[in-house]
Amino acid sequence: MAPRQVLVTRPEPGSEETAARLRARGLAPVLAPALVLEARPFAAPRAQAILITSRAAARALRPAPLPLLAVGDASAKAAREAGFTDVTAAAGTATDLARLAAERLRPEAGPLLLAVGEGYALDLAADLRARGFRVTRRIAYHAAPALTLPEASRAALSAGGITSILFHSPRSAACAITLLQAAGHAAALAGMEAFAISQRVADAAAAAIAPLSFRAVHVAARPSEDALLALLPGGAAEPAPPGAS
């Protein structure tokens, strides 16, 4: 039996990373990145700490000798790989990140540098300011909607074999659905099961596909890719790392 095909809408380089994890589970990823990311370098202003809400932001920053608070484990890992040494991860949501900042930092110690994508994290900035912090928001990257589908995904969609679609963010969900509908695949979308990393992402996908709906919508128990991929049926669990018990 052919492996279950899963449409991956996450932008690169995360899209290929997710694809590798799907292959390890015995599933067949089909890549259709909904967004194209472009780093926007900037001169970092004075701050007591840096806050990021995505791996894309971590990859766009130059290492600095400041504490860095990341929204979750994946963005924290990306920050360490980028050269940051004092990195702490929140539990996965913007609210968790604001709570972590309130626990670890003091408003009187100086402003916070919030490095984000263009149009992102406005609610987080407002939450931090409501907690008494001064916030300097800087655009670390721009995310533009993809204009075309990759040839492999067009062929797979036309063949009708894709049964599942993954959504990692509200904006990528909306852009993916718009892109797929414009390419003539609205009916194929309605026949898929949607897997969303959070309820907010699931709501964005449902609003974008309306008045149609997905065959089913599944929401991860927590906002992490581990929890998202655990929802997928039809594939073996990823092999444990060497030495794991």
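What you see is a predicted model; the values in this text were computed from it and never measured. Below, all heavy atoms of this structure are taken into account, side chains as well, without hydrogens, waters or symmetry copies.
- One N or O on the side chain of Arg215 and one on the backbone of Gly191 form a donor-acceptor pair closer than 3.5 Å.
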Stepwise, does the salt bridge (Lys or Arg N to Asp or Glu O under 4.0 Å) test hold for Arg4 with Glu193? CA-CA 12 Å; Arg4 180 187 182 112; Glu193 292 185 62; 3.4 Å; yes
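- No salt bridge links Arg138 with Glu118; every basic N to acidic carboxylate O contact stays at or beyond 4.0 Å.
- What you find for Pro111 and Thr136 is that their closest heavy atoms are CB-OG1, 4.2 Å.
- When all heavy atoms are compared, the tightest approach of His168 to Thr18 is NE2-OG1, 3.9 Å.
- No side-chain donor-acceptor contact under 3.5 Å links Arg10 and Ser15.
- Side-chain contact between Ile197 and Phe167 is absent, with no heavy atoms from C-beta onward closer than 4.5 Å.
- Between the side chain of Arg137 and the main chain of Val116, no donor-acceptor pair closer than 3.5 Å is present.
- Ala34 approaches Ser172 most closely through the heavy-atom pair CB-O, 3.4 Å.
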Begin with the C-alpha distance, continue with both residues' side-chain angles, and end with the deciding distance and a verdict on side-chain hydrogen bond (donor to acceptor under 3.5 Å, both in side chains) for Arg200 and Ser198. CA-CA 5 Å; Arg200 185 167 172 239; Ser198 71; over 6 Å; no
If you apply the rule salt bridge (Lys or Arg N to Asp or Glu O under 4.0 Å), what do you find for Arg21 with Glu17, and how did you get there? CA-CA 7 Å; Arg21 298 190 66 184; Glu17 294 170 5; over 6 Å; no
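- Val36 and Ile177 are members of different hydrophobic clusters when ILVMFWY side chains are connected at heavy-atom separations under 4.5 Å.
- Across Arg134 and Gly110, no two heavy atoms sit closer than the pair NH2-CA, 3.5 Å.
- With contacts defined as side-chain heavy-atom distances shorter than 4.5 Å, the pair Ile52/Leu61 qualifies.
- The side-chain contact (heavy atoms from CB on, under 4.5 Å) test applied to Ala230 returns no partner, not counting sequence neighbours.
- Side-chain contact between Leu232 and Leu166 is present, with at least one heavy-atom pair separated by less than 4.5 Å.
- Here the side chains of Leu7 and Leu180 are in contact, with some heavy-atom distance below 4.5 Å.
- The heavy-atom pair separating Ala173 from Ala205 by the smallest distance is CB-CB, 4.1 Å.
- With Gln181 contributing its side chain and His185 its backbone, the two residues share no donor-acceptor pair below 3.5 Å.
- Of the N and O atoms on the side chains of Ser164 and Gln5, not one donor lies less than 3.5 Å from an acceptor on the other residue.
- Between Phe84 and Pro63 the shortest heavy-atom distance is CZ-CA, 3.7 Å.
- In the model, Arg171 has no side-chain atom that pairs as donor or acceptor with a side-chain atom of Ser169 under 3.5 Å.
- For the 3.5 Å distance criterion, the side chains of His142 and Glu38 fail to qualify, holding no donor opposite an acceptor.
- Taking 4.5 Å as the limit, some side-chain heavy atom of Leu157 sits within range of a side-chain heavy atom of Ile162.
- A 4.5 Å side-chain heavy-atom check between Thr88 and Leu68 finds every atom pair outside the cut-off.
- Residues Arg80 and Thr85 have side chains not in contact (no heavy-atom distance under 4.5 Å, counting atoms from C-beta outward).
- A 6.0 Å sphere centred on CG of Asp73 holds no more than 12 heavy atoms belonging to other residues, nucleotides or ligands.
- Residues satisfying the side-chain contact (heavy atoms from CB on, under 4.5 Å) criterion with Ala74, sequence neighbours excluded, are Arg55.
- Although no hydrogens or angles enter the test, the distance criterion places no donor-acceptor pair under 3.5 Å between the side chain of Ser153 and the main chain of Leu149.
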